Each structure stands twice: as C-alpha cells, then as structure tokens.
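These notes concern the structure reproduced below.
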Amino acid sequence: FELTKLNYGYDALAPSIDAMTMEMHYSKHYLTYTNNLNKLVAADANLTDVAIEDILKKMDINNSDLRNNAGGYYNHSLFWEGMAPKAGGEPKDTIASLITRDFGSFDVFKNQFMDAAEKQFGSGWAWLVVDKSGKLQITSTPNQDNPLMDIAECPGTPILGLDVWEHAYYLKYQNRRPEYVSNFWNVVNWDEVARRLQTA
Ligand code: MN3
C-alpha cells in the first residue's frame, strides 16, 4: 500500500489545521500505519493483492495489529482526500439534496456530525456514511476502527471522516477539540465527498 499523495502543501489548510500538525500527522503517524500494514500484508499470503476495503470487511477483529494498521491506513487516506485548501462551505447538487433529505438541513447535519466528533470518548473518528439502503448516516468509531468493519455499530461506506485523535489537533488546539471540529468545515472537500458518494 502506498501513501495517498497529499494534493496540497502541509501549510495549505492553515489556519484551520496548522502546517506542523499536518507534517507530523502525514509524515510520521500515517507513514507508520502504512509501513506496519505493509509488513503485515507481506507476512500473510491471504492478504496479498486484497483491496484495503476487503481487508477491513473480512479481517479477524481479534487481530489487533491488522485492525489498527489497516484502519489507520484507510482512515487517514480518506481524511487527506476529504480536505482541500479554499474548500469548505456548503455542498452542492446530489450530496446537498441527500443531506437535506436525510437530516432535514445542512445545519442539522453539521451539528449532528460535530456532536459525534466531540462526544467520541478518547481517540477515534467521526464519519458520514452511506448505509446499505443508500441513506446517509453519522456515526463515530473508537481508535482506528471504521464503518466498514463488521463490528461497526453503524455499518456503511464512509464518504467523509474526521480524525479526533489528539495528534490531529493538539499542537494548535490543545484541549479545544470543539474548535478544531468546527474549523474542519473550512476545509471539507465536498467534490471528493460527492465522488465517494457516487461509488459507494
Ligand atoms: Mn490520525
């Protein structure tokens, strides 16, 4: 598995996410998950040439090494693509109408997502997923779990994810997770969310 290329510089999401946090997060944390995943895949013939989504869906959940590192690789890859400089604001077209259909309004959706991100105890992720019936749902997962895993409380295909581990915000925001979560809306790459929605 290769690192998903950042399509913007470490400083491009500032001030919402500062350059030092981006650099540490991408070049240290993400690299470590990716390297560890590649070691696990190299050591297990059953994992050769298996797509990351299939690894996540079919893995033995008691295999904590694989669970943490495959999750860490997938979650961060989605996270980097889900953000962009000069992005944010409100979505358009299909994704906008599905948000209105399933949450009532964009503001209701935003508040529910922020609530999930703020209330996730300890390390984890907040997600917007498409469930089996095609409905959008908001959920959160602990650690590096995600909604593709068969233990997920709210299973589905993630189309937007927010990292709420302290390493994602502590350098700039310290204990102020809600401020980090609120500034995430300045950098959400709705074009990518729309693209993921189409293939979900
Ligand atoms: Mn992280």
Side-chain angles (χ1 to χ4, degrees), residues 1-41 52-53 55-56 59 61 63-85 87-88 113-129 138-149 151-152 154 157-189 192-193 196:
F1 292 99
E2 287 181 16
L3 296 178
T4 288
K5 196 176 166 294
L6 267 192
N7 289 321
Y8 44 83
Y10 290 137
D11 59 354
L13 303 180
S16 300
I17 303 183
D18 62 287
M20 178 63 89
T21 297
M22 282 301 296
E23 181 171 358
M24 295 301 296
H25 202 174
Y26 184 89
S27 72
K28 307 285 184 204
H29 294 274
Y30 178 49
L31 179 67
T32 302
Y33 292 120
T34 307
N35 287 343
N36 287 344
L37 172 61
N38 281 324
K39 277 183 214 153
L40 293 165
V41 168
I52 186 66
E53 290 84 358
I55 292 180
L56 292 164
M59 73 167 76
I61 219 68
N63 183 343
S64 56
D65 259 4
L66 186 60
R67 180 174 175 178
N68 292 334
N69 290 296
Y73 173 74
Y74 174 88
N75 296 350
H76 287 92
S77 301
L78 188 146
F79 182 52
W80 311 132
E81 291 180 342
M83 298 186 291
F113 188 93
M114 289 194 285
D115 204 48
E118 286 161 26
K119 287 188 180 149
Q120 170 56 43
F121 184 78
S123 297
W125 292 77
W127 303 101
L128 175 63
V129 306
I138 289 164
T139 187
S140 65
T141 55
N143 304 313
Q144 295 297 355
D145 286 358
N146 69 48
L148 293 174
M149 295 178 181
I151 37 92
C154 175
T157 304
I159 59 173
L160 179 69
L162 175 59
D163 190 341
V164 296
W165 283 57
E166 284 187 346
H167 68 227
Y169 62 88
Y170 210 85
L171 289 177
K172 178 178 166 76
Y173 294 99
Q174 292 85 46
N175 61 323
R176 304 187 309 279
R177 188 194 285 188
E179 200 180 320
Y180 160 70
V181 169
S182 160
N183 285 341
F184 177 58
W185 302 114
N186 300 326
V187 294
V188 171
N189 181 0
E192 173 63 13
V193 179
R196 285 184 180 268

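For reference, positions follow the sequence shown, starting with 1. Remember, it's 1-based here, ligands and their atoms both numbered in the order they're listed. Predicted, not measured: the structure shown is a model, and the values here were computed from it. Note: hydrogens, waters and symmetry copies are ignored here, and every other heavy atom, side chains too, is used.
When only modelled atom types and interatomic distance are considered, Asn183 and Tyr173 share a side-chain donor-acceptor pair under 3.5 Å.
Counting only protein N, O or S atoms closer than 2.8 Å to the Mn ion (ligand 1) gives 4.
Tested against Trp127 for a side chain to side chain contact (heavy atoms under 4.5 Å, CB included), the candidates Leu162, Leu78, Ile138, Ile159 yield a single pass: Leu78.
The two atoms that bring Met59 and Arg67 nearest to each other are SD-CA, 3.5 Å, heavy atoms only. The two residues Thr34 and Phe1 make their nearest non-hydrogen contact at CG2-O, 3.5 Å. For the pair Ala116 and Ser140, the tightest heavy-atom approach, listed with the atom from each and the gap, is O-CB, 3.9 Å.
Between His25 and His76, the two ring planes are perpendicular [angle over 60°; tilted spans 30° to 60°].
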